[in-house]
Amino acid sequence: MMAFDVELATQAYMATLKGAARAKSDAYFEGGYWLILWDFLVALIANLIVLRLGWAARLSRWARSKAGPLLAAFLFAVPYLLLITALTLPFSIYTDFVREHAYGLSNQSFAEYGGEQLIFIAVDTLLAALLWMGINATIRRFPRGWWLGGAGLTIGVLMVTITLAPVYLNPLFNDYTPLPDGPVKSEVLKMARANGVPADNVYLVDASRQSDRISANVTGLFGTIRIALNDNLMKQDIHEIRSVMAHELGHYVLNHMWKLIIAVALMIALSLALVAVGTPWLLARLGGRWGIEGMADPGALPALTIVISFVFLLGTPITNSLIRVQEQEADIFGLNAARAPDGFARIAMKLSQYRKIEPGAWEEYIFFDHPSGHTRVRTAMRWKAEHVAEADVR
Ligand SMILES: [Zn+2]
């Protein structure tokens with residue numbers, strides 16, 4: 001028997017996505033690189049409009065005339081956030097609705113999309129306004145060291161949101177039901193038990209409401225942690241389903257949620273430390289013209305938003321790499337648990353219908369929050385090469 005050749009096997013998979021289909025997935029994904037920059041620029045322009053036309057200063061005076069310092073920050077934030085949402089709405093509709101439809105990646109009518117956005121905006125605005133209330137109070141109390149307290153508050157809000165999301169937020173958008181009895185359920189629960197994952201935490205979600213994308217995920221913290229596989233994945237072949245669910249079990253067993261929260265906490269503290277230097281610098285130059293009195297002014301929020309969006313823009317490769325490294329770990333855990341390298345390779349090919357399949361090394365490092373199709377197929381074929389003689393490999 002000829003030895004199994006990892007490169008040849010990988011290339012055989014790569015050759016199944018070519019021509020117009022490959023050009024389309026490349027164009028969709030590469031367009032996303034530019035959207036990161038446009039997203040930043042659109043938000044920048046919206047904030048500059050709000051500042052330059054004196055709207056922020058006027059809103060701040062109004063909020064302070066209506067309430068004490070604590071509530072004034074909340075009263076400023078709600079109309080300010082809604083104003084920014086309105087100014088950036090045409091761009092959001094283009095990226096989230098028009099562009100998704102242009103690439104055939106959405107199953108939603110405009111009314112369904114709009115209804116979802118209203119819920120998103122309500123929840124986002126409320127959480128962000130509460131957070132600004134806390135951060136503004138911290139700035140007034142600790143004008144120099146506020147960024148550390150601000151980071152603590154932000155992580156607190158983030159953890160409460162992650163914990164409550166599976167129970168209170170996600171059901172606003174989709175139906176979550178227990179897995180129906182059948183071969184899929186018994187195969188998934190078999191792998192869950194073998195890897196020490198509580199089996200009553202596996203759900204089915206009706207994601208086909210939004211799109212045909214195949215997916216599964218781990219959400220929640222503490223008592224709310226759960227694994228959900230979507231109905232688009234449910235329609236695939238059993239070894240493809242097994243390989244995806246084994247990947248999700250990997251996130252669970254490797255405690256990826258907690259590791260990510262610790263990494264994100266450090267990044268938020270560092271980002272706010274930069275904001276604590278950058279925002280006063282910006283306000284010292286332009287605050288007078290904008291009518292913003294300083295960092296403690298509730299109306300400092302737009303300037304702070306400009307600085308933090310710039311920090312996050314520069315941090316894109318770090319954020320993507322943190323997540324991508326965990327995804328690669330979950331891929332390898334999944335291959336060991338499901339023992340279905342070809343099932344996993346077929347799924348990687350299906351996911352490459354909307355993720356560029358063969359990027360350059362730097363491109364993958366900077367822009368990919370999941371390994372590319374090529375990396376995933378190659379990982380699967382390398383695993384297969386070491387196990388090809390074993391009887392239970394599918
Ligand atoms: Zn994953």
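Predicted, not measured: the structure shown is a model, and the values here were computed from it. Index from 1, following the sequence. Atoms within each ligand, like the ligands themselves, are counted from 1 in listed order.
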**Partner of Tyr80 under side-chain contact (heavy atoms from CB on, under 4.5 Å), chosen from Thr305, Thr125, Thr85** = Thr305
**Message:** If we check side-chain contact (heavy atoms from CB on, under 4.5 Å) with Pro298, which of these qualifies: Arg61, Glu293, Met133, Arg64?
**Reply:** Arg64
**Request:** Would you indicate whether the side-chain heavy atoms of Met245 and Leu229 approach each other to under 4.5 Å?
**Result:** yes
At less than 2.8 Å, would any N/O/S atom of [X], backbone or side chain, sit next to the Zn ion (ligand 1)?
| X | value |
| --- | --- |
| Glu327 | yes |
| His256 | no |
| His247 | yes |

**Message:** Could you check whether any side-chain N or O of Asp39 sits under 3.5 Å from a backbone N or O of Leu35, counting only pairs where one atom can act as donor and the other as acceptor?
**Reply:** no
